[in-house]
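Here the structure is a predicted model, which is why all the values come from computation and not from measurement. We name chains A, B, ... by the order of the sequence lines, and we start the count at 1 in each one.
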Number of protein chains: 2
Amino acid sequence: MKNRLKELRGEKGWSQQALADHLDVSRQTINALETGKYDPSLPLAFKIGRLFGQPIETIFDDGEGV
Amino acid sequence: MKNRLKELRGEKGWSQQALADHLDVSRQTINALETGKYDPSLPLAFKIGRLFGQPIETIFDDGEGV
DNA sequence: TCATAACGTAAAGCACACTTTACAAGAAGG
DNA sequence: CCTTCTTGTAAAGTGTGCTTTACGTTATGA
């Protein structure tokens with residue numbers, strides 16, 4: 001699943017650690033999400049959507065775009 | 001995390017097994033989601049949103065409604 | 001040159017997401 | 001009564017999501 005985390009983080013001028021702090025997760029989790037190692041849990045996806053003020057669907061893309 | 005799965009399934013007149021078939025998961029997974037045993041993965045949440053034609057946020061509610 | 005910040009990555013460990021098989025019980029109809 | 005459908009639940013097994021600790025690299029600046 002692709003995502004725009006790195007891009008959105010860049011717009012805020014935040015480091016991975018800063019974003020991790022805002023989301024209450026570890027820096028390694030942010031890095032793993034940005035580098036596509038795995039997808040976030042649904043609760044974490046909700047937090048991310050709220051933090052950036054966007055629907056989950058505009059941040060994450062699972063490719064089934066028919 | 002609360003969800004409206006049972007309600008939406010009811011509108012379609014589907015059994016848990018029928019919904020499971022539409023989503024390519026086991027009936028037990030549907031039952032676990034409806035009875036709140038755990039939350040779906042993000043990819044499954046995307047599938048559910050597409051199946052019912054709604055954003056993930058209108059089907060699932062993680063309570064941080066501030 | 002030395003220190004610090006930022007990023008990528010790895011390993012070990014715990015909890016969760018999902019599977020298959022299986023059993024019990026209520027509803028509905030023959 | 002008997003069967004069938006539907007739902008709830010359990011146990012064991014596999015893979016994922018996230019953690020902590022830790023190391024190597026690159027860039028920056030005093």
Rounded to whole Å, CG of B/Asn31 lies from P of C/dA17 at a distance of 15 Å
Euclidean distance, B/Gln28 CD relative to B/Leu33 CG, rounded to 0.5 Å: 11.5 Å
Scanning both residues in full, the closest heavy-atom pair of A/Gln16 with A/Arg9 reads N-NH1, 3.4 Å
Using heavy-atom distances to pick each residue's nearest nucleotide on DNA chain D, tell me which of B/Pro43 and B/Glu34 is more 5'. B/Glu34
Distance from B/Thr29 atom OG1 to B/Glu34 atom CD, nearest 0.5 Å? 11.5 Å
Which residues within residues 1-9 of chain B lie with some heavy atom under 4.0 Å of an atom in DNA chain D? B/Lys6, B/Arg9
Taking OP1 and OP2 of D/dC18, is either one under 4.0 Å from a side-chain nitrogen or oxygen of A/Ser41? yes
Rounded to whole angstroms, how far apart are NZ on A/Lys37 and P on C/dA10? 7 Å
Rounded to the nearest 0.5 angstrom, the CG-CD1 distance for B/Leu5 and B/Ile30 is 6.0 Å
What is the separation between atom CG on A/Leu19 and atom P on C/dA6, rounded to the nearest whole Å? 13 Å
When you measure from the side chain of A/Gln16, which nucleotide among C/dA6, C/dA17, C/dG8 comes out closest? C/dG8
Please test B/Arg50 against A/Asp62 for salt bridge (Lys or Arg N to Asp or Glu O under 4.0 Å), starting from the C-alpha separation and ending with a verdict. CA-CA 11 Å; B/Arg50 272 195 301 274; A/Asp62 77 334; 3.0 Å; yes
How many angstroms lie between atom CZ of B/Phe46 and atom CE of A/Met1, to the nearest 0.5 angstrom? 5.0 Å
Integer-rounded Å distance: D/dT16 C1' and B/Asp39 CG: 14 Å
In whole angstroms, how far is the P atom of C/dC7 from the CG atom of A/Leu33? 14 Å
dist A/Ile59:CD1 -> A/Gln54:CD (nearest 0.5 Å) comes out at 4.5 Å
For residues A/Pro43 and B/Asp39, report the shortest heavy-atom separation together with the two atoms involved. CG-OD2, 3.6 Å
5' priority, DNA chain D, between B/Thr35 and B/Leu42 [closest heavy atom]: B/Thr35
Take the angle between the ring planes of B/Trp14 and B/His22 and call it parallel below 30°, perpendicular above 60°, tilted in between. parallel
List the protein contact pattern of nucleotides 19-30 of chain D with one symbol per nucleotide (5' to 3'): B for base contact, S for sugar-phosphate-only contact, - for none; contact means a heavy-atom distance under 4.0 Å. BBBB--------
